[in-house]
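Since we're looking at a predicted model, the values are computed, not measured. Protein chains get the first letters and strands the later ones, always in sequence-line order, with residue 1 at the start of each.
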Amino acid sequence: MNDPYSVLGVSPSASDEEVKKAYRDLARKYHPDNYHDNPLADLASEKMKEINEAYDTITKSREHGGGSSYSYGGGAYQSAGQSRSASGSAQYVRIRNLINANDLAQAEAMLNAIGNHDAEWYYLMGSVYWRRGWMDQAGQYYRTAATMDPSNPEYRNAVQYMNQGGQAYRPAGGMGMDMTGGDAACNMCQNLICADCCCEAMGGNLIPCIGCR
Amino acid sequence: MYGYVRPVKGELKVSEFERFQGVYCGLCHELARKFGFFSRFLVNYDFTFLAMLLAGDEPVAMCPRRCPAHPVRKRACLESCQSLSLAADMTVVLGWWKLADGAKDGKFPASVGCRLACLALKRAYDRAAARQPQFAAAVEENLAALQTLEREKCANLDAAADKFASILRSISGCVADPARQRAAGELLYHLGRIIYILDAADDLAEDIKTNSYNPLRYRFQPVNGRLSPEDEKLLRTGLQHSHNALVSAYALMGENAYGGILSNTIYLGLPAATQAVFAGTWNASAKIHRKRSNL
(Lines give C-alpha, C1' and ligand atoms only; values in the text may rest on other atoms or scores of the structure.)
Protein backbone atom coordinates (compact mmCIF):
# COMPACT_ATOMS: atom_id res chain seq x y z
CA MET A 1 0.00 0.00 0.00
CA ASN A 2 1.11 3.57 -0.68
CA ASP A 3 2.28 5.83 2.11
CA PRO A 4 -0.97 6.93 3.80
CA TYR A 5 0.30 10.49 4.21
CA SER A 6 1.05 10.90 0.51
CA VAL A 7 -2.37 9.44 -0.32
CA LEU A 8 -3.95 12.25 1.70
CA GLY A 9 -1.39 14.76 0.42
CA VAL A 10 -0.18 15.85 3.85
CA SER A 11 3.19 15.58 5.54
CA PRO A 12 3.68 13.07 8.38
CA SER A 13 4.14 16.03 10.73
CA ALA A 14 0.65 17.38 9.94
CA SER A 15 -1.65 17.89 12.91
CA ASP A 16 -4.68 15.67 13.43
CA GLU A 17 -6.84 18.59 12.35
CA GLU A 18 -4.89 18.98 9.09
CA VAL A 19 -5.10 15.27 8.37
CA LYS A 20 -8.83 15.35 9.00
CA LYS A 21 -9.29 18.36 6.77
CA ALA A 22 -7.30 16.82 3.92
CA TYR A 23 -9.23 13.60 4.31
CA ARG A 24 -12.56 15.38 4.30
CA ASP A 25 -11.78 17.37 1.18
CA LEU A 26 -10.67 14.26 -0.70
CA ALA A 27 -13.69 12.32 0.50
CA ARG A 28 -15.89 15.14 -0.76
CA LYS A 29 -14.05 15.00 -4.10
CA TYR A 30 -14.43 11.28 -4.68
CA HIS A 31 -17.81 10.92 -3.01
CA PRO A 32 -20.05 8.39 -4.82
CA ASP A 33 -22.73 11.07 -5.27
CA ASN A 34 -20.37 12.85 -7.67
CA TYR A 35 -20.20 9.67 -9.77
CA HIS A 36 -23.91 9.01 -10.03
CA ASP A 37 -24.29 6.49 -12.88
CA ASN A 38 -20.89 7.56 -14.10
CA PRO A 39 -18.70 5.27 -16.26
CA LEU A 40 -15.75 6.16 -14.03
CA ALA A 41 -17.58 5.25 -10.79
CA ASP A 42 -15.30 2.22 -10.29
CA LEU A 43 -12.16 4.38 -10.40
CA ALA A 44 -13.66 6.86 -7.94
CA SER A 45 -14.67 4.11 -5.56
CA GLU A 46 -11.14 2.65 -5.66
CA LYS A 47 -9.81 6.08 -4.87
CA MET A 48 -12.31 6.42 -2.03
CA LYS A 49 -11.21 3.09 -0.63
CA GLU A 50 -7.58 4.14 -0.77
CA ILE A 51 -8.37 7.39 1.05
CA ASN A 52 -10.44 5.65 3.72
CA GLU A 53 -7.69 3.12 4.31
CA ALA A 54 -5.03 5.81 4.51
CA TYR A 55 -7.09 7.80 7.00
CA ASP A 56 -7.80 4.72 9.10
CA THR A 57 -4.12 3.77 9.10
CA ILE A 58 -3.11 7.24 10.23
CA THR A 59 -5.74 7.55 12.96
CA LYS A 60 -4.94 4.07 14.24
CA SER A 61 -1.19 4.67 14.25
CA ARG A 62 -1.70 7.92 16.14
CA GLU A 63 -4.03 6.18 18.60
CA HIS A 64 -6.00 9.13 19.76
CA GLY A 65 -8.50 8.56 22.53
CA GLY A 66 -9.84 5.12 21.72
CA GLY A 67 -9.31 5.38 17.98
CA SER A 68 -12.69 6.72 16.99
CA SER A 69 -11.84 6.57 13.33
CA TYR A 70 -14.69 6.90 10.94
CA SER A 71 -14.85 6.59 7.23
CA TYR A 72 -16.94 8.59 4.91
CA GLY A 73 -19.52 6.61 3.05
CA GLY A 74 -18.74 3.00 3.72
CA GLY A 75 -19.12 -0.14 1.71
CA ALA A 76 -22.86 -0.11 1.37
CA TYR A 77 -22.96 3.46 0.26
CA GLN A 78 -20.38 3.15 -2.49
CA SER A 79 -22.60 1.17 -4.75
CA ALA A 80 -25.65 3.35 -4.15
CA GLY A 81 -26.91 4.96 -7.31
CA GLN A 82 -25.03 2.48 -9.38
CA SER A 83 -26.82 -0.76 -8.99
CA ARG A 84 -30.32 -0.64 -10.34
CA SER A 85 -33.11 -2.41 -8.53
CA ALA A 86 -33.89 -5.44 -10.59
CA SER A 87 -37.59 -5.37 -11.34
CA GLY A 88 -39.46 -6.42 -14.46
CA SER A 89 -38.77 -9.16 -16.93
CA ALA A 90 -35.67 -11.33 -17.05
CA GLN A 91 -34.72 -9.54 -20.25
CA TYR A 92 -34.71 -6.18 -18.47
CA VAL A 93 -32.72 -7.61 -15.57
CA ARG A 94 -30.04 -8.72 -18.04
CA ILE A 95 -30.04 -5.29 -19.67
CA ARG A 96 -29.72 -3.57 -16.30
CA ASN A 97 -26.74 -5.77 -15.50
CA LEU A 98 -25.12 -4.87 -18.80
CA ILE A 99 -25.64 -1.17 -18.14
CA ASN A 100 -24.15 -1.51 -14.66
CA ALA A 101 -21.16 -3.29 -16.19
CA ASN A 102 -20.80 -0.43 -18.70
CA ASP A 103 -21.45 -2.69 -21.69
CA LEU A 104 -23.58 -0.05 -23.37
CA ALA A 105 -23.36 -1.35 -26.93
CA GLN A 106 -24.73 -4.74 -25.93
CA ALA A 107 -27.43 -3.19 -23.72
CA GLU A 108 -28.52 -0.92 -26.56
CA ALA A 109 -28.58 -3.81 -29.05
CA MET A 110 -30.80 -5.83 -26.69
CA LEU A 111 -33.13 -2.87 -26.14
CA ASN A 112 -33.39 -2.29 -29.87
CA ALA A 113 -34.38 -5.91 -30.34
CA ILE A 114 -37.43 -5.43 -28.12
CA GLY A 115 -40.53 -4.47 -30.12
CA ASN A 116 -42.81 -3.36 -27.31
CA HIS A 117 -41.61 -0.10 -25.80
CA ASP A 118 -43.03 0.27 -22.29
CA ALA A 119 -42.01 2.75 -19.60
CA GLU A 120 -39.11 0.62 -18.38
CA TRP A 121 -37.79 0.34 -21.93
CA TYR A 122 -37.64 4.14 -22.18
CA TYR A 123 -36.04 4.37 -18.77
CA LEU A 124 -33.32 1.86 -19.63
CA MET A 125 -32.65 3.46 -23.01
CA GLY A 126 -32.33 6.75 -21.13
CA SER A 127 -29.78 5.10 -18.82
CA VAL A 128 -27.75 3.89 -21.80
CA TYR A 129 -27.70 7.40 -23.25
CA TRP A 130 -26.89 8.92 -19.88
CA ARG A 131 -23.84 6.72 -19.42
CA ARG A 132 -22.72 7.48 -22.92
CA GLY A 133 -22.83 11.18 -22.10
CA TRP A 134 -25.80 11.91 -24.37
CA MET A 135 -27.54 14.03 -21.75
CA ASP A 136 -30.20 15.54 -24.00
CA GLN A 137 -31.42 12.17 -25.26
CA ALA A 138 -31.26 10.70 -21.76
CA GLY A 139 -33.54 13.47 -20.49
CA GLN A 140 -36.05 12.89 -23.28
CA TYR A 141 -36.20 9.14 -22.62
CA TYR A 142 -36.44 9.55 -18.83
CA ARG A 143 -39.28 12.03 -19.26
CA THR A 144 -41.16 9.65 -21.57
CA ALA A 145 -40.75 6.83 -19.03
CA ALA A 146 -42.04 9.02 -16.20
CA THR A 147 -45.00 10.20 -18.31
CA MET A 148 -45.95 6.64 -19.19
CA ASP A 149 -45.73 5.45 -15.59
CA PRO A 150 -46.01 8.47 -13.27
CA SER A 151 -46.24 6.32 -10.14
CA ASN A 152 -42.79 4.75 -10.56
CA PRO A 153 -40.32 6.42 -8.15
CA GLU A 154 -37.25 5.28 -10.12
CA TYR A 155 -38.33 7.11 -13.27
CA ARG A 156 -39.49 10.13 -11.29
CA ASN A 157 -36.13 10.36 -9.52
CA ALA A 158 -34.27 10.15 -12.82
CA VAL A 159 -36.29 13.05 -14.24
CA GLN A 160 -35.79 15.04 -11.08
CA TYR A 161 -32.05 14.44 -11.10
CA MET A 162 -31.98 15.47 -14.76
CA ASN A 163 -33.90 18.71 -14.15
CA GLN A 164 -32.03 19.68 -11.03
CA GLY A 165 -28.65 19.55 -12.80
CA GLY A 166 -26.87 16.84 -10.81
CA GLN A 167 -23.83 17.49 -8.70
CA ALA A 168 -20.06 17.36 -8.81
CA TYR A 169 -17.13 18.37 -6.65
CA ARG A 170 -16.19 22.05 -6.48
CA PRO A 171 -13.12 23.14 -4.56
CA ALA A 172 -13.80 25.33 -1.55
CA GLY A 173 -13.47 29.07 -1.95
CA GLY A 174 -14.73 30.96 -4.95
CA MET A 175 -14.87 28.17 -7.51
CA GLY A 176 -18.62 27.76 -7.23
CA MET A 177 -19.86 28.78 -10.67
CA ASP A 178 -22.08 26.52 -12.70
CA MET A 179 -23.20 26.35 -16.29
CA THR A 180 -26.84 27.28 -15.77
CA GLY A 181 -26.05 30.78 -14.60
CA GLY A 182 -26.72 29.95 -10.95
CA ASP A 183 -24.33 29.50 -8.11
CA ALA A 184 -23.17 25.92 -7.59
CA ALA A 185 -22.49 26.49 -3.90
CA CYS A 186 -26.10 27.56 -3.53
CA ASN A 187 -27.31 24.44 -5.37
CA MET A 188 -25.11 22.36 -3.12
CA CYS A 189 -26.79 23.77 -0.04
CA GLN A 190 -30.14 22.96 -1.56
CA ASN A 191 -29.01 19.42 -2.27
CA LEU A 192 -27.64 19.08 1.22
CA ILE A 193 -30.86 20.29 2.79
CA CYS A 194 -32.78 17.97 0.51
CA ALA A 195 -30.56 15.04 1.48
CA ASP A 196 -30.94 15.98 5.13
CA CYS A 197 -34.71 15.87 4.84
CA CYS A 198 -34.49 12.41 3.27
CA CYS A 199 -32.10 11.30 5.99
CA GLU A 200 -34.38 12.59 8.68
CA ALA A 201 -37.32 10.84 7.13
CA MET A 202 -35.37 7.62 7.56
CA GLY A 203 -34.45 8.45 11.13
CA GLY A 204 -31.01 9.91 10.44
CA ASN A 205 -29.74 13.44 10.37
CA LEU A 206 -27.16 14.54 7.86
CA ILE A 207 -26.38 18.17 8.56
CA PRO A 208 -25.47 17.81 12.25
CA CYS A 209 -23.38 14.70 11.36
CA ILE A 210 -21.22 16.80 9.08
CA GLY A 211 -21.03 19.53 11.68
CA CYS A 212 -19.77 17.29 14.46
CA ARG A 213 -17.21 15.46 12.36
CA MET B 1 -9.96 27.42 -32.74
CA TYR B 2 -12.98 28.20 -30.61
CA GLY B 3 -11.38 29.72 -27.54
CA TYR B 4 -14.07 28.76 -25.03
CA VAL B 5 -11.53 26.78 -23.03
CA ARG B 6 -9.50 29.42 -21.24
CA PRO B 7 -8.84 30.45 -17.67
CA VAL B 8 -10.45 33.50 -16.07
CA LYS B 9 -7.38 35.67 -16.04
CA GLY B 10 -8.31 37.80 -13.04
CA GLU B 11 -8.53 34.71 -10.86
CA LEU B 12 -5.10 33.33 -11.81
CA LYS B 13 -2.10 33.91 -9.60
CA VAL B 14 0.59 35.98 -11.31
CA SER B 15 2.88 32.93 -11.41
CA GLU B 16 0.08 30.89 -12.96
CA PHE B 17 -0.61 33.52 -15.56
CA GLU B 18 3.07 33.62 -16.52
CA ARG B 19 3.12 29.86 -16.79
CA PHE B 20 -0.05 29.87 -18.90
CA GLN B 21 1.40 32.48 -21.21
CA GLY B 22 4.59 30.43 -21.37
CA VAL B 23 2.68 27.38 -22.57
CA TYR B 24 0.77 29.41 -25.16
CA CYS B 25 3.98 30.99 -26.50
CA GLY B 26 5.74 27.63 -26.21
CA LEU B 27 3.07 25.99 -28.34
CA CYS B 28 3.41 28.74 -30.95
CA HIS B 29 7.20 28.27 -31.07
CA GLU B 30 6.79 24.51 -31.21
CA LEU B 31 4.45 24.89 -34.21
CA ALA B 32 6.92 27.14 -36.01
CA ARG B 33 9.86 24.88 -35.24
CA LYS B 34 8.20 21.67 -36.36
CA PHE B 35 5.80 22.79 -39.06
CA GLY B 36 7.00 26.13 -40.37
CA PHE B 37 5.88 29.71 -40.08
CA PHE B 38 2.30 29.41 -41.37
CA SER B 39 1.28 26.82 -38.80
CA ARG B 40 1.76 29.51 -36.14
CA PHE B 41 -1.61 30.97 -37.08
CA LEU B 42 -3.27 27.82 -35.78
CA VAL B 43 -2.16 28.34 -32.19
CA ASN B 44 -5.18 28.47 -29.87
CA TYR B 45 -6.35 28.27 -26.26
CA ASP B 46 -8.00 24.88 -26.60
CA PHE B 47 -4.77 23.11 -27.44
CA THR B 48 -2.86 25.17 -24.88
CA PHE B 49 -5.25 23.63 -22.36
CA LEU B 50 -4.59 20.23 -23.87
CA ALA B 51 -0.81 20.62 -23.59
CA MET B 52 -1.23 21.40 -19.88
CA LEU B 53 -3.78 18.65 -19.28
CA LEU B 54 -1.63 15.96 -20.87
CA ALA B 55 1.61 17.07 -19.24
CA GLY B 56 3.04 14.45 -16.93
CA ASP B 57 4.67 15.44 -13.66
CA GLU B 58 7.98 16.50 -15.23
CA PRO B 59 9.27 19.91 -14.08
CA VAL B 60 8.37 22.95 -16.18
CA ALA B 61 11.34 24.49 -17.98
CA MET B 62 10.93 27.97 -19.45
CA CYS B 63 13.33 29.94 -21.64
CA PRO B 64 13.13 33.50 -22.98
CA ARG B 65 12.47 33.79 -26.72
CA ARG B 66 11.64 36.40 -29.34
CA CYS B 67 9.02 35.97 -32.02
CA PRO B 68 7.47 38.08 -34.83
CA ALA B 69 4.63 39.13 -32.49
CA HIS B 70 7.07 40.12 -29.74
CA PRO B 71 10.22 41.16 -31.62
CA VAL B 72 11.77 43.41 -28.99
CA ARG B 73 11.29 41.94 -25.53
CA LYS B 74 11.81 38.25 -25.12
CA ARG B 75 8.99 36.22 -23.60
CA ALA B 76 9.25 33.22 -21.34
CA CYS B 77 8.28 30.16 -23.40
CA LEU B 78 7.85 26.59 -22.31
CA GLU B 79 10.71 24.52 -23.70
CA SER B 80 9.84 21.77 -26.12
CA CYS B 81 8.54 18.71 -24.31
CA GLN B 82 6.45 15.67 -25.07
CA SER B 83 3.05 17.18 -24.29
CA LEU B 84 3.85 20.37 -26.21
CA SER B 85 4.99 18.35 -29.20
CA LEU B 86 1.80 16.30 -29.05
CA ALA B 87 -0.39 19.40 -28.77
CA ALA B 88 1.40 20.92 -31.79
CA ASP B 89 0.76 17.81 -33.91
CA MET B 90 -2.91 17.80 -32.98
CA THR B 91 -3.28 21.53 -33.56
CA VAL B 92 -2.04 21.14 -37.12
CA VAL B 93 -4.13 18.04 -37.87
CA LEU B 94 -7.41 19.43 -36.55
CA GLY B 95 -6.70 22.96 -37.82
CA TRP B 96 -6.03 21.70 -41.33
CA TRP B 97 -9.20 19.61 -41.44
CA LYS B 98 -11.26 22.52 -40.22
CA LEU B 99 -9.80 24.68 -43.00
CA ALA B 100 -10.53 21.92 -45.51
CA ASP B 101 -14.09 21.86 -44.20
CA GLY B 102 -14.34 25.62 -44.62
CA ALA B 103 -12.98 25.41 -48.17
CA LYS B 104 -15.63 22.86 -49.08
CA ASP B 105 -18.68 24.25 -47.29
CA GLY B 106 -17.89 27.90 -46.63
CA LYS B 107 -19.47 30.87 -48.40
CA PHE B 108 -17.59 32.55 -51.24
CA PRO B 109 -14.79 34.85 -50.03
CA ALA B 110 -14.01 32.86 -46.89
CA SER B 111 -13.90 29.54 -48.74
CA VAL B 112 -11.13 30.84 -51.02
CA GLY B 113 -9.13 31.94 -47.99
CA CYS B 114 -9.55 28.50 -46.44
CA ARG B 115 -8.42 26.83 -49.67
CA LEU B 116 -5.27 28.95 -49.81
CA ALA B 117 -4.50 28.29 -46.15
CA CYS B 118 -5.04 24.58 -46.76
CA LEU B 119 -2.51 24.63 -49.58
CA ALA B 120 -0.01 26.56 -47.51
CA LEU B 121 -0.34 24.05 -44.67
CA LYS B 122 -0.54 20.83 -46.67
CA ARG B 123 3.05 19.78 -46.02
CA ALA B 124 2.73 20.61 -42.34
CA TYR B 125 -0.45 18.54 -42.23
CA ASP B 126 1.17 15.55 -43.91
CA ARG B 127 3.99 15.57 -41.42
CA ALA B 128 1.68 15.97 -38.40
CA ALA B 129 -0.71 13.28 -39.65
CA ALA B 130 2.20 10.88 -40.16
CA ARG B 131 3.17 11.45 -36.53
CA GLN B 132 -0.39 11.00 -35.22
CA PRO B 133 -2.04 8.60 -37.68
CA GLN B 134 -4.78 7.49 -35.26
CA PHE B 135 -5.80 11.01 -34.41
CA ALA B 136 -5.78 12.04 -38.08
CA ALA B 137 -7.99 9.05 -38.94
CA ALA B 138 -10.40 9.89 -36.10
CA VAL B 139 -10.65 13.51 -37.24
CA GLU B 140 -11.28 12.58 -40.87
CA GLU B 141 -13.84 9.92 -40.01
CA ASN B 142 -15.80 12.00 -37.49
CA LEU B 143 -15.82 15.16 -39.58
CA ALA B 144 -17.14 13.14 -42.53
CA ALA B 145 -19.86 11.66 -40.29
CA LEU B 146 -20.69 15.15 -39.03
CA GLN B 147 -21.07 16.40 -42.61
CA THR B 148 -23.54 13.61 -43.32
CA LEU B 149 -25.54 14.60 -40.22
CA GLU B 150 -25.44 18.23 -41.34
CA ARG B 151 -26.79 17.34 -44.76
CA GLU B 152 -29.58 15.36 -43.14
CA LYS B 153 -30.37 18.37 -40.93
CA CYS B 154 -29.96 16.15 -37.87
CA ALA B 155 -32.19 17.21 -34.97
CA ASN B 156 -30.43 14.92 -32.50
CA LEU B 157 -28.15 17.33 -30.65
CA ASP B 158 -26.25 14.55 -28.87
CA ALA B 159 -25.53 12.70 -32.12
CA ALA B 160 -24.13 15.84 -33.75
CA ALA B 161 -22.09 16.79 -30.67
CA ASP B 162 -20.85 13.20 -30.43
CA LYS B 163 -18.71 13.60 -33.56
CA PHE B 164 -16.65 16.50 -32.31
CA ALA B 165 -16.60 15.01 -28.80
CA SER B 166 -15.24 11.74 -30.24
CA ILE B 167 -12.46 13.62 -32.00
CA LEU B 168 -11.34 15.10 -28.71
CA ARG B 169 -11.73 11.79 -26.90
CA SER B 170 -9.43 10.07 -29.40
CA ILE B 171 -6.61 12.27 -28.08
CA SER B 172 -6.71 10.29 -24.83
CA GLY B 173 -5.14 7.40 -26.76
CA CYS B 174 -1.74 8.95 -26.11
CA VAL B 175 -2.09 8.61 -22.31
CA ALA B 176 -0.16 5.53 -21.18
CA ASP B 177 -1.69 4.71 -17.79
CA PRO B 178 -5.01 2.87 -18.38
CA ALA B 179 -6.96 4.51 -15.52
CA ARG B 180 -5.69 7.96 -16.44
CA GLN B 181 -6.52 7.25 -20.07
CA ARG B 182 -10.14 6.44 -19.20
CA ALA B 183 -10.45 9.60 -17.13
CA ALA B 184 -8.87 11.69 -19.90
CA GLY B 185 -11.17 10.14 -22.50
CA GLU B 186 -14.27 11.00 -20.47
CA LEU B 187 -13.01 14.49 -19.71
CA LEU B 188 -12.18 15.22 -23.36
CA TYR B 189 -15.47 13.76 -24.60
CA HIS B 190 -17.48 16.12 -22.42
CA LEU B 191 -15.17 19.00 -23.22
CA GLY B 192 -15.83 18.36 -26.91
CA ARG B 193 -19.58 18.26 -26.28
CA ILE B 194 -19.49 21.53 -24.38
CA ILE B 195 -17.40 23.24 -27.08
CA TYR B 196 -19.68 22.00 -29.85
CA ILE B 197 -22.90 23.00 -28.08
CA LEU B 198 -21.55 26.41 -27.04
CA ASP B 199 -20.44 27.04 -30.60
CA ALA B 200 -23.90 26.08 -31.86
CA ALA B 201 -25.58 28.38 -29.32
CA ASP B 202 -23.20 31.22 -30.18
CA ASP B 203 -23.79 30.92 -33.94
CA LEU B 204 -27.53 30.22 -33.80
CA ALA B 205 -28.80 33.63 -34.99
CA GLU B 206 -26.14 33.85 -37.70
CA ASP B 207 -26.79 30.32 -38.94
CA ILE B 208 -30.52 30.97 -39.20
CA LYS B 209 -29.82 34.16 -41.15
CA THR B 210 -27.48 32.42 -43.60
CA ASN B 211 -29.58 29.24 -43.60
CA SER B 212 -26.67 27.09 -42.43
CA TYR B 213 -26.93 23.91 -40.39
CA ASN B 214 -27.12 24.29 -36.65
CA PRO B 215 -28.38 21.42 -34.48
CA LEU B 216 -30.27 23.80 -32.19
CA ARG B 217 -32.42 24.99 -35.12
CA TYR B 218 -33.84 21.49 -35.47
CA ARG B 219 -33.71 20.29 -31.87
CA PHE B 220 -35.63 23.32 -30.59
CA GLN B 221 -37.86 25.94 -32.19
CA PRO B 222 -35.91 29.19 -32.01
CA VAL B 223 -37.83 32.42 -32.59
CA ASN B 224 -35.94 35.41 -34.06
CA GLY B 225 -32.65 33.57 -33.65
CA ARG B 226 -33.19 32.91 -29.95
CA LEU B 227 -34.25 29.91 -27.91
CA SER B 228 -37.29 30.19 -25.65
CA PRO B 229 -36.41 30.50 -21.93
CA GLU B 230 -37.62 26.92 -21.32
CA ASP B 231 -35.47 25.51 -24.13
CA GLU B 232 -32.48 27.51 -23.00
CA LYS B 233 -32.90 26.16 -19.48
CA LEU B 234 -33.09 22.61 -20.81
CA LEU B 235 -29.99 23.11 -22.94
CA ARG B 236 -28.00 24.68 -20.12
CA THR B 237 -29.01 21.97 -17.66
CA GLY B 238 -27.68 19.45 -20.19
CA LEU B 239 -24.44 21.44 -20.35
CA GLN B 240 -24.34 21.39 -16.56
CA HIS B 241 -24.53 17.59 -16.57
CA SER B 242 -21.70 17.43 -19.10
CA HIS B 243 -19.68 19.85 -16.99
CA ASN B 244 -20.28 17.69 -13.91
CA ALA B 245 -19.04 14.64 -15.81
CA LEU B 246 -15.99 16.61 -16.94
CA VAL B 247 -15.23 17.76 -13.39
CA SER B 248 -15.64 14.24 -12.01
CA ALA B 249 -13.27 12.88 -14.66
CA TYR B 250 -10.78 15.66 -13.96
CA ALA B 251 -10.66 14.64 -10.28
CA LEU B 252 -9.35 11.26 -11.43
CA MET B 253 -6.61 12.64 -13.68
CA GLY B 254 -4.02 13.24 -10.97
CA GLU B 255 -2.15 16.45 -10.25
CA ASN B 256 0.56 18.10 -12.31
CA ALA B 257 2.37 21.44 -12.40
CA TYR B 258 -0.58 23.13 -14.12
CA GLY B 259 -3.22 22.19 -11.52
CA GLY B 260 -4.09 25.79 -10.63
CA ILE B 261 -4.55 26.87 -14.26
CA LEU B 262 -6.46 23.74 -15.22
CA SER B 263 -8.78 24.06 -12.20
CA ASN B 264 -9.39 27.72 -13.00
CA THR B 265 -10.20 26.87 -16.63
CA ILE B 266 -12.54 24.05 -15.68
CA TYR B 267 -14.29 25.45 -12.62
CA LEU B 268 -14.43 29.11 -13.65
CA GLY B 269 -13.48 29.51 -17.31
CA LEU B 270 -16.03 27.14 -18.83
CA PRO B 271 -18.98 28.47 -16.78
CA ALA B 272 -17.90 32.05 -17.59
CA ALA B 273 -17.73 31.27 -21.32
CA THR B 274 -21.15 29.62 -21.11
CA GLN B 275 -22.57 32.62 -19.31
CA ALA B 276 -21.16 34.97 -21.96
CA VAL B 277 -22.41 32.87 -24.87
CA PHE B 278 -25.97 32.76 -23.53
CA ALA B 279 -25.90 36.43 -22.58
CA GLY B 280 -24.87 37.17 -26.18
CA THR B 281 -21.68 38.91 -25.08
CA TRP B 282 -19.17 36.19 -25.97
CA ASN B 283 -17.91 37.64 -29.24
CA ALA B 284 -17.42 41.09 -27.73
CA SER B 285 -15.70 39.77 -24.61
CA ALA B 286 -13.45 37.48 -26.65
CA LYS B 287 -12.27 40.46 -28.68
CA ILE B 288 -11.53 42.52 -25.59
CA HIS B 289 -9.72 39.56 -24.08
CA ARG B 290 -7.50 39.19 -27.15
CA LYS B 291 -6.65 42.88 -27.14
CA ARG B 292 -5.85 43.10 -23.45
CA SER B 293 -3.89 39.93 -23.00
CA ASN B 294 -1.52 40.54 -25.93
CA LEU B 295 -1.26 36.82 -26.31
**Q** At a heavy-atom separation under 4.5 Å, does A/Tyr30 approach chain B through its side chain, its backbone, both, or neither?
**A**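 The side chain, not the backbone.
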
**Q** Within a 6.0 Å radius of atom CG on B/Asp57, are there more than 12 heavy atoms belonging to other residues, nucleotides or ligands?
**A** no

**Q** With a 4.5 angstrom heavy-atom cut-off, is it the side chain or the backbone of B/Leu235 that approaches chain A, or both, or neither?
**A** neither

**Q** If you count heavy-atom pairs within less than 4.5 Å of chain A, which of B/Ile194, B/Leu270, B/Leu157, B/Asp162 leads?
**A**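 With the most close heavy-atom pairs to chain A, the winner is B/Asp162.
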
**Q** Show the nearest heavy-atom pair for residues A/Asn163 and B/Thr237, with the distance to one decimal.
**A** O-CG2, 3.6 Å

**Q** Checking B/Ile266 against chain A: side chain, backbone, both or neither under 4.5 Å from a heavy atom?
**A**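 Answer is neither: B/Ile266 stays 4.5 Å or more from chain A.
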
**Q** If I measure from the heavy atoms of chain A, does B/Ala273 come under 4.5 Å with its side chain, its backbone, both, or neither?
**A** neither

**Q** Can you tell me how far CD of B/Glu186 sits from CG of A/Leu40, rounded to the nearest 0.5 angstrom?
**A**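 The CG atom of A/Leu40 sits 4.5 Å away from the CD atom of B/Glu186.
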
**Q** Let's test your reading of the structure: which of A/Tyr169, A/Trp134, A/Tyr161 forms the most heavy-atom pairs below 4.5 Å with chain B?
**A** A/Trp134

**Q** Taking atom types as modelled, is there a side-chain donor on A/Gln167 or B/Asn244 under 3.5 Å from an acceptor on the other?
**A** no

**Q** Kindly say whether B/Ala245 contributes a backbone atom to a donor-acceptor pair with the side chain of A/Tyr35 at under 3.5 angstrom?
**A**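 Looks like no, no N/O pair under 3.5 Å.
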
**Q** State, yes or no, whether a side-chain contact exists between B/Val247 and A/Arg170 at a heavy-atom distance under 4.5 Å.
**A** yes

**Q** Is the CD atom of B/Gln134 crowded by more than 12 outside heavy atoms at less than 6.0 Å?
**A** no

**Q** Minimum heavy-atom separation for B/His241 and A/Trp130, please, with both atom names.
**A**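 Looking at all heavy atoms of both residues, the shortest contact is ND1-CH2, 3.1 Å.
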
**Q** Kindly compute the distance separating OG1 (A/Thr180) from CG (B/Leu234), expressed to the nearest 0.5 Å.
**A**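 One finds 12.5 Å between OG1 of A/Thr180 and CG of B/Leu234.
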
**Q** Is a side-chain donor or acceptor of A/Asp136 paired with a backbone partner of B/Asp158 at a separation under 3.5 angstrom?
**A**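 No, because the side chain of A/Asp136 does not come within donor-acceptor range (under 3.5 Å) of the backbone of B/Asp158.
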
**Q** If we define contacts as heavy-atom pairs under 4.5 Å, which of B/Ser248, B/Gly238, B/Ala272, B/Ala159 has the most with chain A?
**A**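 Top option by heavy-atom pairs under 4.5 Å: B/Ser248.
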
**Q** Where does B/Arg182 contact chain A at under 4.5 Å (heavy atoms): side chain, backbone, both or neither?
**A** both

**Q** For A/Gly133 and B/His190, which heavy atoms make the closest approach, and how far apart are they?
**A** CA-CE1, 3.6 Å

**Q** Determine the option with the most heavy-atom pairs under 4.5 angstrom with chain B, choosing from A/Lys29, A/Met135, A/Arg132.
**A** A/Met135

**Q** So if I apply the side-chain contact (heavy atoms from CB on, under 4.5 Å) rule between A/Asp178 and each of B/Gln275, B/Gln240, B/His243, which one comes out positive?
**A** B/Gln240

**Q** So what's closer than 4.5 Å to chain A heavy atoms on B/Ala279: side chain, backbone, both or neither?
**A**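 Contact with chain A is absent: no heavy atom of B/Ala279 under 4.5 Å.
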
